[in-house]
Amino acid sequence: MHWGRVYQKQNIVTAAIVVTVMGCVLIGRLAYLMIVCSDEYYALAEELHTRERRIKAARGAIYDCNGVLIATNRTVCTVSVIYNQMTDREEVIRVLCQELDLSEETVRKKVEKYSAREIIKTNIPKETGDRIRAYDLAGVKVDEDYKRYYPLGSLASKVLGFTGSDNQGIIGLEVSYESVLKGIDGRILTLTDAAGLEVDDAAEERVEPIAGNSLYLSLDVTIQTYAQQAAQKVMEKKNAKRVSVLILNPQNGEIYAMVNVPEFDLNAPFTLLQEDVSMTSEEKQDALNQMWRNHVISDTYEPGSTFKTITAAAALEEGVVTVTDSFHCPGYYIVEDRRIRCHKIAGHGAENFVQATMNSCNPVFIQVGLRLGIDRFYHYFEQFHLLSKTGIDLTGEAGTIMHRPERMGDVELATVSFGQSFQLTPLRLLTTVSSIINGGYSITPHFGVEVRSADGSSVHKLKYETGERVLSEEVSRQMREILELVVSEGGGIKGSIEGYRIGGKTATSEKLPRGTGKYISSFYAFAPADDPQVIGLITIDEPEGIYYGGTIAAPVMREIFDNILPYLGIETTGLEETPSAP
């Protein structure tokens, strides 16, 4: 009996100790949760009883150099439903089907889905959103949003680019300057009870959005319009595959126009220009990618005779040729086992270097290229930045495709000297030509000029690399004079405009594979020839019928310059000021 009472007493003591320890642990745990973790659990509780809706920030506007609005926003609405708050789901389904033109099956599936918030439709017109809001349906939310809008439709479509359903840039300047334009979204926080119903007397917490910055470009809507109309006209006349035009300031790299016809409607970017209902989704996406492609910066081609400008500049700078050097063209030139002909089969006969440039004579430029040699020629490829990208403020720029010096022989050197057997982009070509005729300084082609806050209170000027000397001032002057003679008396005469001093060069390059009869006709021109303020390049891809650059490309650039030179304030000069051969 005695031992039984002792054992019982020990059990009570043990149980008391266990209970006491457990109580202490529980109190300690509660103290830890209530004191140490209070902030964390407060946040979790707040999250459980609040519902967040985003307020999208207005995307920054885009303006041309004259302040013309070319990209802005339109107010649209997003309609959503909150399952726990709906009191008459059938009425909600009826109204949303009617106003949003959606099938009952589509709406019912979303309305009956148990979720905190289900989006029914986005990007609906504001007036539609206002009508739905007027029904005052419990559980139906109508939030205002923004949709990108382009007032000028297809103008500069492949330059500007567009945004997706989330208002984020997809191609063009819209994606290049995404961080500038996008803004910071706001939010609305609503207090709810345990059932997910909004508490009537609880105030909403609203964090206002911050609008994106505005972007100002060097693009000139007037010049872009002139160039786009001229390109469209010649494309239709020659039934060409496409036509591109690039116009910029050769002194500082500001781009006034970049045309790629056919352009597309920026307000309907997913609508193909020519859609085939039998297309698979993959085929349609490929077709869209081609429609959006900016050929001026993303496609390489053999430049043909326009590249003779680079060969001439390198040869004059290196001193392997002078403007008075004499040559003879029998209509061909033999390099190793290759007989490379001139475009004039009968030959040009006796001519000096300036005349050979005016005549665009292949045999003479082959000889000049061979005089330079592979190593020195390749040195000028690098000095003129031909082997690097231009650094333009657009994505998707392609690099130059050139022979490696160790794999170049005399035949390759000969063909490169007159613009064949390698490829570059129209942008790369015109950027390098600009540095040759602007006094010998490199430039960075660009569209962005400055960024302003939405309220205009702050302004940030954009800066680009420029000013590296790549050619002597004397050779730059000689090149301007030679190229002026090309237009006034040589192969580019159809690009001349009475009263203006214009320099330029034509080209007709056969596309690969050879023998298909497909060509790219091109011509670049600059003015005034003695102090270039504007330079333009046109490329016509696969024209039908006559395809010579001097015949079909030069007149188009003349038409464009005839409109834009007076617009830019470039005055005519007396014909007596036109220089003779240097």
Side-chain angles (χ1 to χ4, degrees), residues 57-65 68-73 146-152 154-184 211-221 223-224 244-249 252-260 263-264 266-267 269-270 288-300 385 388-399 425-428 430-431 443-454 458-466:
R59 192 171 177 84
I62 303 177
Y63 299 88
D64 87 334
C65 61
V68 177
L69 184 65
I70 51 181
T72 185
N73 305 297
Y146 294 101
K147 181 180 181 182
R148 206 59 162 162
Y149 175 65
Y150 303 91
L152 302 179
S154 64
L155 194 79
S157 61
K158 299 176 186 182
V159 171
L160 292 174
F162 55 92
T163 62
S165 58
D166 57 357
N167 226 20
Q168 187 172 26
I170 292 180
I171 66 167
L173 293 171
E174 289 280 22
V175 70
S176 297
Y177 287 94
E178 174 68 21
S179 61
V180 167
L181 298 166
K182 67 178 181 179
I184 301 174
N213 295 316
S214 297
L215 176 65
Y216 285 75
L217 308 177
S218 60
L219 182 84
D220 190 309
V221 163
I223 296 176
Q224 179 79 20
S244 298
V245 179
L246 173 62
I247 300 172
L248 56 82
N249 184 329
N252 59 19
E254 290 185 353
I255 300 175
Y256 298 142
M258 184 181 285
V259 174
N260 293 271
E263 302 274 0
F264 63 90
L266 285 167
N267 295 309
F270 292 93
L288 285 170
N289 291 337
Q290 283 300 312
M291 184 179 75
W292 300 334
R293 192 174 182 84
N294 187 333
H295 303 285
V296 171
I297 69 168
S298 298
D299 286 0
T300 58
H385 302 305
S388 59
K389 296 179 181 180
T390 67
I392 189 173
D393 50 349
L394 283 173
T395 58
E397 181 180 5
T425 65
L427 176 69
R428 178 69 271 174
L430 201 64
T431 302
I443 60 170
T444 300
H446 61 274
F447 285 100
V449 174
E450 67 179 34
V451 174
R452 299 182 190 176
S453 59
S458 67
V459 178
H460 172 64
K461 299 283 186 181
L462 301 175
K463 296 181 180 180
Y464 303 88
E465 289 186 11
T466 186

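Worth saying up front: this structure is predicted, and the values here are computed from it rather than measured.
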Q: Measure the OG-CG distance between S176 and L160 for me, rounded to the nearest 0.5 Å.
A: 11.0 Å
Q: Would you check if I70 and L217 make a side-chain contact, meaning some heavy-atom pair closer than 4.5 Å?
A: yes
Q: Identify the two heavy atoms, one from G212 and one from A454, that lie closest to each other, and give their separation to 0.1 Å.
A: O-CB, 3.7 Å
Q. Is there a side-chain contact between M258 and L394 (heavy atoms, below 4.5 Å)?
A. yes
(Q) If the condition is side-chain hydrogen bond (donor to acceptor under 3.5 Å, both in side chains), which residues does N294 pass it with, not counting sequence neighbours? (A) N260
Q.
For the OH atom on Y146, are there more than 12 heavy atoms of other groups (residues, nucleotides or ligands in this structure) within a distance under 6.0 Å?
A. no
Q. Quick one: CG on N249 to CD1 on I443, what's the gap to the nearest 0.5 Å?
A. 7.5 Å
Q.
Any donor-acceptor pair under 3.5 Å linking the side-chain atoms of E263 with those of S157?
A. yes
Q: Return the minimal non-hydrogen interatomic distance between D393 and Y464, and the atom names on each side.
A: OD2-OH, 3.4 Å
Q. From T395 OG1 over to L173 CG, what is the distance, rounded to the nearest 0.5 angstrom?
A. 9.0 Å
Q. Under 4.5 Å between any side-chain heavy atoms of T72 and P151, yes or no?
A. yes
Q | OG1-CG distance between T431 and L248, expressed to the nearest 0.5 angstrom | A | 6.0 Å
Q. Taking the side chain as C-beta and beyond, is there a heavy-atom pair between R148 and I62 under 4.5 Å?
A. yes
Q | Student check: side-chain heavy atoms of V459 and Y216 closer than 4.5 Å | A | no
Q: Write down the atom of L69, the atom of A61, and the distance for their closest heavy-atom approach.
A: CD1-CB, 3.7 Å
Q | Pairwise side-chain contact, I392 with I255, heavy-atom cut-off 4.5 Å (strictly under) | A | yes
(Q) Between S298 (side chain only) and R293 (backbone N and O only), is there a donor and an acceptor less than 3.5 Å apart? (A) no
Q) Roughly how far, to the nearest 0.5 Å, is the CG atom of L462 from the CG atom of L215? A) 7.0 Å
Q. Could you give the distance from CD1 (I171) to NZ (K158), rounded to the nearest 0.5 Å?
A. 9.0 Å
Q: Run the salt-bridge test on R59 and E178 with the 4.0 Å N-O cut-off and return the result as yes or no.
A: yes
Q) Are T425 and I297 close enough, and set up right, to give a side chain to side chain contact (heavy atoms under 4.5 Å, CB included), and what steps lead you there? A) CA-CA 6 Å; T425 65; I297 69 168; 5.8 Å; no
Q | Over all atoms of both residues, closest heavy-atom pair of P426 and V296 | A | CD-O, 3.3 Å
Q: Let me see the working for H446 and E254 under side chain to side chain contact (heavy atoms under 4.5 Å, CB included), right down to the final yes or no.
A: CA-CA 5 Å; H446 61 274; E254 290 185 353; 3.4 Å; yes
Q: Using distance alone, with no hydrogens and no angle criterion, decide if Y177 and N213 have a side-chain donor and acceptor under 3.5 Å apart.
A: no
Q. Is the shortest side-chain N to carboxylate O distance from E397 to R428 below 4.0 Å?
A. no
Q: Identify the heavy atoms of T163 and N167 that sit nearest to each other, and give their distance.
A: OG1-OD1, 3.5 Å
**Q.** Among W292, Y150, Y149, ring-ring contact (aromatic ring centres under 6.0 Å, His included) partner for F162
**A.** W292
